[in-house]
Number of protein chains: 2
Amino acid sequence: MKKANPHLDCQFCDARFKSVFCDLTKAEVSELNEQKGCATYKKGQDIFKQESYPHGIYCINAGKVKLFQLAENGREQIVRLAKSGDLLGYRALLGGEKYTSTAEAIEETSICFIPKQLFFKFVETNNAITLQVMKMLSNDLKNAEHKITDLAQKPVKERMSEAILFVKEVYGFEKDNATLNVVLTREEIANIAGTATETAIRILAELKEDGILEFIGKKIKVLKINELLHSANLSD
Amino acid sequence: MKKANPHLDCQFCDARFKSVFCDLTKAEVSELNEQKGCATYKKGQDIFKQESYPHGIYCINAGKVKLFQLAENGREQIVRLAKSGDLLGYRALLGGEKYTSTAEAIEETSICFIPKQLFFKFVETNNAITLQVMKMLSNDLKNAEHKITDLAQKPVKERMSEAILFVKEVYGFEKDNATLNVVLTREEIANIAGTATETAIRILAELKEDGILEFIGKKIKVLKINELLHSANLSD
DNA sequence: AAAAAAAGATGATGTAGGTCATGTTTTGAA
DNA sequence: TTCAAAACATGACCTACATCATCTTTTTTT
């Protein structure tokens with residue numbers, strides 16, 4: 001399953017330059033190289049689980065990850081999506097608490113683990129990182145509060161349209177500039193929008209009827225992004 | 001309306017010791033004293049408005065504040081509650097963005113304003129503050145993500161019970177250890193729970209019938225906190 | 001003290017969307 | 001290549017909750 005991969009060198013890591021570690025000094029990079037651990041996760045594997053304690057943070061080298069909370073009724077609510085260059089687990093680590101969500105690979109994913117001592121050392125000595133981390137948290141919080149308002153006020157169709165746009169925001173389009181660059185099940189999309197799987201399926205069918213979406217294999221292509229924005233009740 | 005109050009001295013400010021500024025050096029305190037501005041806000045007055053730009057942060061000296069987002073349908077969704085010692089406006093300032101919510105006094109409130117230059121100086125030079133700020137953001141994010149899951153999964157009665165418990169968590173009880181130490185309208189409670197005002201009124205009446213709550217004037221008394229926890233579908 | 005406005009309360013009504021049931025298609029394992 | 005399990009799809013039903021309307025009580029303004 002999870003296999004160690006000792007070959008990654010932070011010095012040349014593409015993901016690092018997209019991450020909060022982009023401005024590390026040479027000394028810091030080599031420290032990172034020594035202490036970090038790397039592993040790959042198959043689709044469906046957990047990186048960490050809700051209710052367990054953090055011992056460091058994870059940095060996604062390649063792949064895609066969903067963070068979700070399990071409700072009593074057994075349904076998963078997806079609270080964040082992460083991609084190459086994104087960090088995982090900083091919320092719990094910085095808050096000094098257990099994980100409040102589970103991180104699971106939604107495709108083959110390669111991740112580096114950074115022990116908490118090193119991460120805190122960086123945070124305490126490198127101001128650029130600190131500010132980046134605060135920006136990250138601020139952005140997460142903005143998104144979360146926006147979602148709260150949506151869930152409380154918007155009807156499902158608008159939330160489903162927003163969910164598609166959110167996925168696009170995180171993972172982007174393929175070279176055709178229209179097909180979502182990720183494979184998600186209907187259930188996962190439902191768990192982003194906060195609705196039942198059957199409802200998500202029906203609404204996606206509607207959006208297809210409207211000529212706004214098209215399904216190509218397991219992927220979703222956005223034919224009319226402006227109409228999708230409109231359907232989400234957002235100005236463009 | 002908003003009147004300046006030059007008499008507060010940070011050196012002896014009770015609220016400061018409850019805030020992220022509790023560990024300031026003497027020099028830092030006097031710097032704070034020189035640059036800060038103080039004002040009082042009447043019930044219903046805005047401290048800042050959604051969509052405007054932050055120029056600093058606010059520290060509540062005394063009083064209570066709600067932060068809400070205005071949805072297209074005109075309803076307010078309350079995303080946070082704040083009390084003495086709490087900071088306001090750091091999300092937008094640290095994220096380098098506009099305010100995404102409006103802050104409004106829910107009772108006579110006295111607040112100090114700290115210019116952004118000084119706040120960033122503190123953040124950059126004082127590690128304790130930095131860590132506290134990150135903890136604050138982490139905690140807000142935890143609460144927000146929990147609320148997302150609730151809104152997506154729980155029925156109104158559970159959310160209403162949780163809303164009461166949330167208010168208790170923030171503002172606490174009076175000396176009787178049962179009466180919520182704040183006056184909120186039914187509409188405001190509805191806007192915390194994410195439901196219609198009429199529904200909130202009906203559910204509160206139910207909780208009263210259940211013998212869990214009692215209404216004393218404009219205040220809410222919790223008669224059976226364990227049953228309230230149970231009604232919120234939370235373990236105690 | 002009177003008038004106006006806001007808050008609280010309650011009933012009647014309609015519907016969005018959740019749940020259940022069943023069937024088909026796709027995927028993946030053996 | 002076959003079989004089992006996910007994933008996808010669609011119809012039928014039902015109820016939780018929003019909306020609307022009306023009324024009373026409390027608060028605020030003049």
Side-chain angles (χ1 to χ4, degrees), chain A residues 1 42-45 66 71-77 104 106-108 149-163 182-209 213-220 231 233, chain B residues 1 42-45 66 71-77 104 106-108 149-163 182-209 213-220 231 233:
Chain A
M1 291 292 177
K42 291 230 175 70
K43 177 179 174 170
Q45 261 195 287
K66 63 175 172 180
E72 299 85 32
N73 60 12
R75 270 244 312 272
E76 298 176 355
Q77 177 62 43
E104 184 184 314
I106 53 182
E107 61 179 45
E108 174 104 0
T149 304
D150 275 4
L151 280 166
Q153 317 276 8
K154 289 190 172 184
V156 237
K157 190 164 187 182
E158 295 184 20
R159 298 208 309 271
M160 279 293 295
S161 301
E162 267 208 279
V182 64
V183 172
L184 294 169
T185 65
R186 306 290 142 123
E187 188 175 8
E188 283 170 324
I189 299 173
N191 292 343
I192 295 171
T195 187
T197 307
E198 296 92 324
T199 303
I201 289 170
R202 280 184 247 261
I203 304 251
L204 285 174
E206 267 185 57
L207 290 168
K208 185 186 166 190
E209 290 316 304
L213 299 183
E214 187 182 351
F215 308 131
I216 301 177
K218 303 236 73 181
K219 294 213 169 174
I220 294 175
S231 166
N233 201 6
Chain B
M1 291 288 182
K42 290 231 175 68
K43 175 177 174 174
Q45 262 194 287
K66 63 176 173 180
E72 298 86 33
N73 60 13
R75 271 244 312 274
E76 298 176 356
Q77 177 61 44
E104 184 184 315
I106 54 182
E107 61 179 47
E108 174 104 1
T149 305
D150 275 5
L151 280 167
Q153 317 276 7
K154 290 190 170 183
V156 237
K157 189 164 185 181
E158 295 183 20
R159 297 208 310 271
M160 279 294 294
S161 301
E162 267 209 280
V182 64
V183 172
L184 294 170
T185 65
R186 306 290 141 122
E187 187 175 8
E188 283 170 325
I189 300 173
N191 292 343
I192 295 170
T195 187
T197 307
E198 296 92 323
T199 303
I201 289 171
R202 281 183 249 260
I203 305 250
L204 285 174
E206 268 185 55
L207 290 168
K208 185 186 167 190
E209 290 316 304
L213 298 182
E214 187 182 349
F215 308 131
I216 301 178
K218 302 236 73 182
K219 293 212 170 174
I220 294 175
S231 167
N233 201 6

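Predicted model only: the values in this text are computed from it and were never measured. In what follows, chains carry the letters A, B, and so on, assigned in the order in which the sequence lines appear, proteins first and then strands, with residues in each chain numbered from 1.
Residue A:Glu188 contributes atom CD, which lies 8 Å from atom P of D:dA7 at whole-angstrom precision. Rounding to whole angstrom units, CD of residue B:Glu206 and C1' of C:dA9 are separated by 14 Å. Whole-Å rounding puts the B:Phe215 CZ to C:dA7 P distance at 17 Å. Rounded to a whole Å, the NZ atom of B:Lys42 is 17 Å from the C1' atom of D:dT27. Spacing between atom CZ of A:Arg186 and atom C1' of C:dT24 amounts to 14 Å, rounded to whole angstrom units. Between the CD1 atom of A:Ile201 and the P atom of C:dG18 there is a distance of 12 Å, given to the nearest Å.
Under 3.5 Å, the side chain of B:Arg202 and the base of D:dT19 form at least one donor-acceptor pair of N or O atoms. The base of C:dG17 is not paired with the side chain of A:Arg159 by any donor and acceptor separated by under 3.5 Å.
For the OP1/OP2 pair of D:dA18 and a distance below 4.0 Å, the side-chain nitrogens and oxygens of B:Thr195 include at least one atom meeting the criterion. Put simply, B:Lys218 has a side-chain N or O that comes within less than 4.0 Å of OP1 or OP2 on C:dG8. Considering only side-chain N and O atoms, B:Thr199 lies under 4.0 angstrom from the phosphate OP1 or OP2 of D:dA18.
Between B:Lys43 and B:Val156, it is B:Val156 whose nearest contact on DNA chain D lies nearer the 5' terminus. Nearer to the 5' terminus of DNA chain C, by closest-nucleotide assignment, is the contact made by B:Glu187 (compared with the other of B:Glu187 and A:Asn73).
One finds the CG atom of B:Leu207 at 5.5 Å from the NZ atom of B:Lys157 (value rounded to the nearest 0.5 Å). Of the inter-residue distances, the one linking B:Gln77 atom CD with B:Leu151 atom CG reads 6.5 Å to the nearest 0.5 angstrom.
Nearest to the side chain of B:Glu198, among C:dT19, C:dG17, D:dA21, sits D:dA21.
Using modelled atom types, one side-chain atom of B:Glu188 and one backbone atom of B:Thr185 make a donor-acceptor pair closer than 3.5 Å.
Ionic pairing of B:Glu76 and B:Lys66 is present here: one or more N-O contacts between side-chain nitrogen and carboxylate oxygen are shorter than 4.0 angstrom.
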